[in-house]
Enquirer: 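Pasting a structure here, questions to come.
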Amino acid sequence: MERREQLYEGKAKIVYATDEPDLYIQYFKDDATAFNAKKRGTIVSKGIFNNHISAKLFQVVEKQGIPTHYVKTLSDREMAVKKLDIIRVEVVVRNIVAGNLAKRMGVEEGRRLPHPIIDLHLKQDALDDPMINEDTISAFGLATREELAQMRAYALRVNDILKAFFGERNVDLVDFKLEFGRSPADGGKLLLGDEITPDGCRLWEKGTGRKLDKDRFRRDLGQVEEAYAEVERLVTR
Ligand code: TMP
Ligand code: ASP
């Protein structure tokens, strides 16, 4: 497979076309942003860690029946993925109160929720990714009710799989964000896209609550690279 023109550059990844019409290449950068890019920086080797972590987690969920866009790992920073028409909705799943939920509800971080919460956000940086609801998504044609139901079901299933996976590694899966898209090569079938990495997850060491995710960068906690390296080690061991 050959890498062709750049199609899109995001905050943490670049997407390239390839000589195969149904395949793209995702290239993982070291760039880090937070608070919708009001804070910018670099996390040395993050792109390599995230490429490895995401590849492994896509394979883990795929094995349990979640269809993903992951095809294969090409290099330290590149994976081949299926071409997707990305649905501009971010699906956030939460198990423990943190981040925006703590702020919104005026409670401390760390409370375990009696059942997972799904928050839906519009994927639109210029608007700060506002939270939206199912009626808005359907009325604006971002996704159909059927697609939304499927996305929610997949997200909860991914949550069960990854909670168990990280649990076995002494880590609590606090929350995470997923993106889905329609695969033209599969008749518009819904696939899990984007990435699953510590950029878009909160991961706390069980017992100590030590943060192993991008909050170390967002909140200037130090040992940022070390945290990503540790997650890579845990996930790929
Ligand atoms: P939040 O507490 O800021 O809403 O984030 C919840 C989780 O979802 C956290 O692990 C980060 C992830 N997330 C993203 O990666 N990108 C986003 O745009 C949003 C809203 C959340
Ligand atoms: N990824 C988003 C940003 O770059 C949000 C975040 O991670 O804080 O601003």
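Order of listing sets the numbers, starting from 1, for every ligand and every atom in it. Any value given below was found using the heavy atoms of this structure, including those in side chains, with hydrogens, waters and symmetry copies removed. Computed from a predicted structure; not experimentally measured.
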Enquirer: Are Y27 and N51 side-chain neighbours, meaning at least one heavy-atom pair lies under 4.5 Å?
Expert: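 They are not in side-chain contact.
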Enquirer: Out of T33, N100, D31, who gets a non-hydrogen atom closest to atom 4 (O) of ligand 2?
Expert: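 The option holding the nearest heavy atom is T33.
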Enquirer: Identify, by atom number and element, the atoms of ligand 1 in contact range of G99, meaning under 4.0 Å from any of its heavy atoms.
Expert: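 In order of number, 2 (O).
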Enquirer: Before accepting this row, confirm whether a basic side-chain N of the pair K13/D194 lies closer than 4.0 Å to the acidic partner's carboxylate O.
Expert: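 Counted as a salt bridge, because a side-chain N and a carboxylate O are separated by less than 4.0 Å.
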Enquirer: Note the single closest protein heavy atom to atom 8 (O) of ligand 2, along with its residue, its atom name and the distance in Å.
Expert: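 Of the protein heavy atoms, R218 NE, 2.9 Å lies nearest.
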Enquirer: If you count the atoms of ligand 1 from 1 in the order shown, which ones are under 4.0 Å from a heavy atom of C201?
Expert: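 Listed by number with element: 10 (O).
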Enquirer: Is the shortest N/O to N/O distance between R218 and ligand 1 below 3.5 Å?
Expert: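 No, since none of the N or O atoms of R218 sits under 3.5 Å from an N or O of ligand 1.
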Enquirer: Give the ring-plane orientation class for Y70 versus F58, where under 30° counts as parallel, over 60° as perpendicular and anything between as tilted.
Expert: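 Ring orientation, 0 to 90° scale: parallel.
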Enquirer: Using a 4.0 Å heavy-atom cut-off, say whether K123 meets ligand 1 through its side chain, its backbone, both or neither.
Expert: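 It is neither; nothing of K123 touches ligand 1.
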Enquirer: Heavy atom under 4.0 Å from ligand 2: found in K38's side chain, backbone, both, or neither?
Expert: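 Answer for K38: neither.
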Enquirer: Hey, looking at atom 13 (N) of ligand 1, which of R94, K177, M131 has the closest heavy atom?
Expert: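 Among R94, K177, M131, the closest heavy atom to atom 13 (N) of ligand 1 belongs to K177.
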Enquirer: If I apply the N/O under 3.5 Å rule, does R202 come out as touching ligand 1?
Expert: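 For ligand 1, there is an N or O atom that lies under 3.5 Å from one belonging to R202.
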Enquirer: Quick one: which ligand 1 atoms are inside 4.0 Å of a heavy atom on E90?
Expert: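 Those of ligand 1 that fall under 4.0 Å from E90 are 16 (N), 17 (C), 18 (O), 19 (C), 20 (C).
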Enquirer: Is the contact between V92 and ligand 1 made by the side chain, the backbone, both, or neither, using heavy atoms and a 4.0 Å cut-off?
Expert: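 Side chain only; the backbone of V92 stays clear of ligand 1.
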Enquirer: So do the side chains of V93 and V158 get within less than 4.5 Å of each other, counting heavy atoms only?
Expert: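 Answer no - side chains too far apart.
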Enquirer: Is any NZ, NE, NH1 or NH2 atom of the basic residue among D213 and R202 found under 4.0 Å from an Asp or Glu carboxylate oxygen of the other?
Expert: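 No.
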Enquirer: Any nitrogen or oxygen of D199, main chain or side chain, under 3.5 Å from a nitrogen or oxygen of ligand 2?
Expert: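 Looking only at distances, the answer is no, because the N/O contact criterion of under 3.5 Å is not met.
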Enquirer: Does atom NZ of K177 have more than 12 heavy-atom neighbours, drawn from other residues, nucleotides or ligands, at distances under 6.0 Å?
Expert: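 More than 12 heavy atoms, drawn from other residues, nucleotides or ligands, come within 6.0 Å of this atom.
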Enquirer: Do D172 and K163 sit within salt-bridge range, that is, some charged N less than 4.0 Å from a carboxylate O?
Expert: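 Looking at K163 together with D172, the answer is no, because their closest N to O distance does not fall below 4.0 Å.
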Enquirer: How far is atom 9 (O) of ligand 2 from its nearest protein heavy atom, and which residue and atom name does that atom have?
Expert: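 The answer is N36 N, 2.3 Å.
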Enquirer: Answer yes or no: are there more than 12 heavy-atom neighbours, outside K206 itself, under 6.0 Å from its atom NZ?
Expert: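 Yes, enclosed.
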Enquirer: Given D175, L122, D215, identify the one with the heavy atom nearest to atom 9 (C) of ligand 1.
Expert: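 Looking at heavy atoms only, D175 sits closest to atom 9 (C) of ligand 1.
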